[in-house]
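Bear in mind the structure is a predicted one, so any value in this text is a computation, not a measurement. Values below: every heavy atom of this structure, side chains too, minus hydrogens, waters and symmetry copies.
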Number of protein chains: 2
Amino acid sequence: MATTRTDPLTLEVVDLIGTVVARYHDEYEEVAARYGLTGAQARVLGLLSLEPTAMRRIAQKLKCEPSNVTGIIDRLEARGLVERRPDPDDRRVKIAAATEKGRDTARQLRDSLRFAREPLAELSAQERGVLRDLLKRMLGESPD
Amino acid sequence: MATTRTDPLTLEVVDLIGTVVARYHDEYEEVAARYGLTGAQARVLGLLSLEPTAMRRIAQKLKCEPSNVTGIIDRLEARGLVERRPDPDDRRVKIAAATEKGRDTARQLRDSLRFAREPLAELSAQERGVLRDLLKRMLGESPD
DNA sequence: TATTGTTATACTCTATAACTATA
DNA sequence: TATAGTTATAGAGTATAACAATA
């Protein structure tokens, strides 16, 4: 394989992306904490606010072991943000679903995440379009 | 304050940035694990490979409490990657420094982080320049 | 037999509070 | 008295292994 040269420009962009990642992550944790949630809890609640999901599938999306999901859902359920439902097709499966309160919280949380939105306001529509296209090409085609 | 409109293009870019953040984070953890390090340990080792740093300053850079740094440095020190040195100017202060083995590991680790480099190879030099400028404007002027 | 979710265990990261040795 | 680092403690996320219920 061809060695990727690391010219100064590439290194600068890599560094900028690192900064974006750090800032995004910090803000996500901070906003989650504002709602009394950990980052992992906020991510799961965000997932479930889109659609009810089986425990095992949640683990896949989080890239962690299924055993960990039990505790995260336990804590969200204890606060009335999530509930476990049986799967009518397979009695082994439990489906976690956001309650109405959970969906409310998820929406507020999403609205509070200004990071990726306010800085973008600095850019014109055309520039945002360019940024979109460049990011898309960086990320390549990898539908999850 | 003016409400930030969230037009479809902005939302798309926000989503793309979220994907970049997730992928970057996952790869960082995975590469660290390949060297038997946790993400936090790898980040600290990376810092110390650039310059020896007092415990308190490490906590500031990690945005965590100083008490946590003790354990992280303990574990890195137990593996011979880091050492504690006294500060000649203030006997309360301990300065953590990467050993030669630690600097080696940090360099290998850095070289293994292909994420932000290989995808950029998809872009021309001019496009990387555009991306750099857009990211810089997004991030604004905030020297750490 | 294989799979789903859970439990039990151990490790790391995290914040808080109390302690020590310096300043 | 204030500060740097540590220790003690508790909560949370993580992986691994073993288990019950179901397929």
Worksheet item: B:E77 CD to D:dG5 P: how many Å, rounded?
Response: 14 Å

Discussion item. In whole Å, I'd like the distance from the CD1 atom of B:I58 to the P atom of D:dA4.
Written reply: 14 Å

Worksheet item: Given atom CG of A:L37 and atom P of D:dA12, what is their separation to the nearest angstrom?
Response: 11 Å

Response to the item:
Hits for side chain to side chain contact (heavy atoms under 4.5 Å, CB included) against B:R107, two or more places apart or cross-chain, chain-then-number order -> B:D104, B:R110, B:D111

Discussion item. Could you tell me the boundaries of the chain B footprint on DNA chain C, defined by atoms under 4.0 Å from its heavy atoms?
Written reply: C:dT12 to C:dA23

Discussion item. My understanding is that a hydrophobic cluster links ILVMFWY residues whose side chain heavy atoms are under 4.5 Å apart, including indirect links. Using that, what else belongs to the cluster containing A:I95?
Written reply: A:V93

Discussion item. Do B:V69 and B:R56 have side chains that approach each other closer than 4.5 Å (heavy atoms only, starting at C-beta)?
Written reply: no

Worksheet item: Can you name the side chain to side chain donor-acceptor pair (under 3.5 Å) partners of B:D133, sequence neighbours left out?
Response: none

Practice prompt. Sequence neighbours left out, what pairs pass salt bridge (charged side-chain N to carboxylate O under 4.0 Å, His left out) with at least one residue falling in residues 35-46 of chain B?
Written response: none

Item to complete: Spell out protein contact along nucleotides 14-23 of chain D as letters: B when the base is contacted, S when just the sugar-phosphate is, - when no protein heavy atom is under 4.0 Å; keep the 5' to 3' order.
Response: BBBB---BBS

Discussion item. Going by the rule side chain to side chain contact (heavy atoms under 4.5 Å, CB included), which residues pair with B:A96 if we only count those two or more places apart in sequence or in a different chain?
Written reply: B:L48, B:M55, B:I58, B:I73, B:V82

Fill in: For A:E83, all residues meeting side chain to side chain donor-acceptor pair (under 3.5 Å), sequence neighbours excluded
A:R85

Worksheet entry | Sequence neighbours excluded, every pair satisfying salt bridge (charged side-chain N to carboxylate O under 4.0 Å, His left out) that has a member inside residues 32-41 of chain B | B:E30-B:R34

Worksheet item: Atom CG of B:D74 to atom P of D:dT7: distance rounded to whole Å?
Response: 7 Å

